[in-house]
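The structure presented is a predicted model; accordingly, all values stated were derived computationally and were not measured.
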Amino acid sequence: MTDRAPQPVDRQLPTEESRDLLALVREIAQREIRPRAAEEEDSGRFPREVFTLLSEAGLLGLPYPGEYGGGEQPYEVYLQVLEELAAARLTVGLGVSVHSLACHGLGGYGSKEQQAAHLPAMLGGGLLGAYCLSEPAAGSDAASLTTKAVRDGDDWIITGTKAWITHGGVADFYTVLARTGVDGPKGITAFLVPGDAVGLTAAVPEKKMGMKGSPTAQLHFDGVRVPDSRRIGEEGQGFSIALAALDAGRLGIAACAIGVAQAALDEALAYALDRKQFGHPIADFQGLRFMLADMATKIEAGRALYLAAARLRDAGKPFSRQAAMAKLFCTDAAMAVTTDAVQVLGGYGYTADFPVERLMREAKVLQIVEGTNQIQRMVIARHLAGPETR
């Protein structure tokens, strides 16, 4: 790694409080997250203590109401916090985004009684959440999920398997989408399932090319009994709840992608200024200077795109199309920027002695999670041209 410290991003923040918040996040990232990121990712260690620290600092519930322990921050601020955390370590930034996604159903659709009973612990009580929509045979076609929830008096019995669950096996609670009625999207209902529920087990985590410190695992529901008081929203409302959560979650992925890209640019720039060839820093050579310029431009464009979508959300305006655009552009940009960062470092970029190879591997997953970028293009096209007629 280089000895040059990255310069803080020049951010446009709405309040003095938000500026102080971002300064706190940068301090935590520099002290508690970044120094151990490479070693812990290499060993596959999940940093649960970091999430406990973030919870204690009020950073796990930023976009939620203060009456339940949330931070009452606009998405414009929350997403920039995610970006800073992801720049230090994607396992942490993405983990906070997933936790917020897991809280979304209860926060937006739960009853007042449910919110009062569960949200304080979820937002600031040290708990960690996960979101269970995908299945082994239902990924992009999530409406075809087959995990079932059958009514049994005042309870529901959940049976089935969920796949690709971030925090699978380590989460304290899961927002679970299960089929309670007819085939298709109208037969799906959402539930809040405790992590220690009887009959709930996690498979061995997947062996991944990146984000090795973040457990991704299948979850098996073998007759898991959940009281009706943990049903979120109405019966059959689950798929619309899931889609609303994914719109917000895609902005989280976009912000994380820009964090990863920014970290790669910082490393590439520092290396280019230090490394000398032919008697000059390689940053003097036009071919490389143009690469750095293109990398920086992609990052600025992506940041502006996700913030524009966030401000629509904060204003209560439709933002689904813009969220898909932000997720698509920012994650593609992260893949391009990290690839170029490896090229700037040459042979060193291909070694684990420098973080850009890890950042490149991590960027790839962001083009896949919470709707592949092909799905984002479908979403955008439907907003433009309407549903397909075939």
- [ ] Please check if any side-chain donor atom of T91 sits under 3.5 Å from a side-chain acceptor atom of E41, or the reverse.
- [x] yes
- [ ] Give a yes or no on whether the ring-centroid distance for H104 and Y64 is below 6.0 angstrom.
- [x] no
Open item on the list: Please check: side-chain N/O of K186 versus main-chain N/O of G181, any donor-acceptor pairing under 3.5 Å?
Closed with: no
Task: D152 with R225: basic N within carboxylate O range, under 4.0 Å - done: yes
TODO: Anything under 30° is parallel, anything over 60° is perpendicular, the rest tilted; go ahead and classify F46 against F51.
DONE: parallel
Task: D247 CG to Q322 CD distance, which is reported to the nearest 0.5 Å - done: 10.0 Å
Task: Under 3.5 Å donor-acceptor, N373 side chain and T331 backbone - done: no
Task: Presence of salt bridge, D266 and R34, under 4.0 angstrom - done: no
- [ ] Check whether the ring centres of Y68 and H118 lie less than 6.0 Å apart, and answer yes or no.
- [x] no
Open item on the list: Within this structure, what is the CG-CD1 distance for the pair L82 and I253, rounded to the nearest 0.5 Å?
Closed with: 9.0 Å
Open item on the list: For E84, is there an ion pair with R26 - N to carboxylate O distance below 4.0 angstrom?
Closed with: yes
- [ ] Examine distances only and state if a side-chain atom of Q376 and a backbone atom of G371 form a donor-acceptor pair shorter than 3.5 Å.
- [x] yes
Open item on the list: Looking at V369, is its backbone amide N or carbonyl O close enough to the side chain of K327 to form a donor-acceptor pair, meaning the two atoms are under 3.5 Å apart?
Closed with: yes
TODO: Give a yes or no on whether the backbone of T147 and the side-chain of E135 come within a donor-acceptor separation of less than 3.5 Å.
DONE: yes
Task: Side-chain heavy atoms of D284 within contact of R289, under 4.5 Å - done: yes
TODO: Mind running side-chain contact (heavy atoms from CB on, under 4.5 Å) on V365 and K208 for me, showing each step along the way?
DONE: CA-CA 9 Å; V365 76; K208 300 173 298 186; over 6 Å; no
Task: Matching residue for F191 among F173, Y174, F221, W156 - test: ring-ring contact (aromatic ring centres under 6.0 Å, His included) - done: W156
Task: Validation row: R361, K212 side chains within 4.5 angstrom (heavy atoms) - done: yes
Task: Separation between CZ of R11 and CD of E83, rounded to the nearest 0.5 Å - done: 4.0 Å
Open item on the list: Closer than 4.0 angstrom, basic N to acidic O: yes or no for R36 and E39?
Closed with: no
Open item on the list: With a 3.5 Å distance limit and no angle check, can you tell me whether Q218 reaches the backbone of A163 through a side-chain donor-acceptor pair?
Closed with: no
Task: Transitive ILVMFWY side-chain link Y271 to L273, under 4.5 Å - done: yes
- [ ] Determine, step by step, whether E388 and R382 satisfy the salt bridge (Lys or Arg N to Asp or Glu O under 4.0 Å) criterion, reporting the C-alpha distance in whole Å, the side-chain angles of both residues, the deciding distance to 0.1 Å, and the verdict.
- [x] CA-CA 7 Å; E388 297 89 339; R382 285 172 184 166; 3.0 Å; yes
Task: Test log, rule side-chain contact (heavy atoms from CB on, under 4.5 Å), inputs L366 and L94 - done: CA-CA 9 Å; L366 299 175; L94 187 77; 4.2 Å; yes
Open item on the list: Check whether S214 reaches the backbone of M211 with its side chain - one donor and one acceptor, N or O, closer than 3.5 Å.
Closed with: no
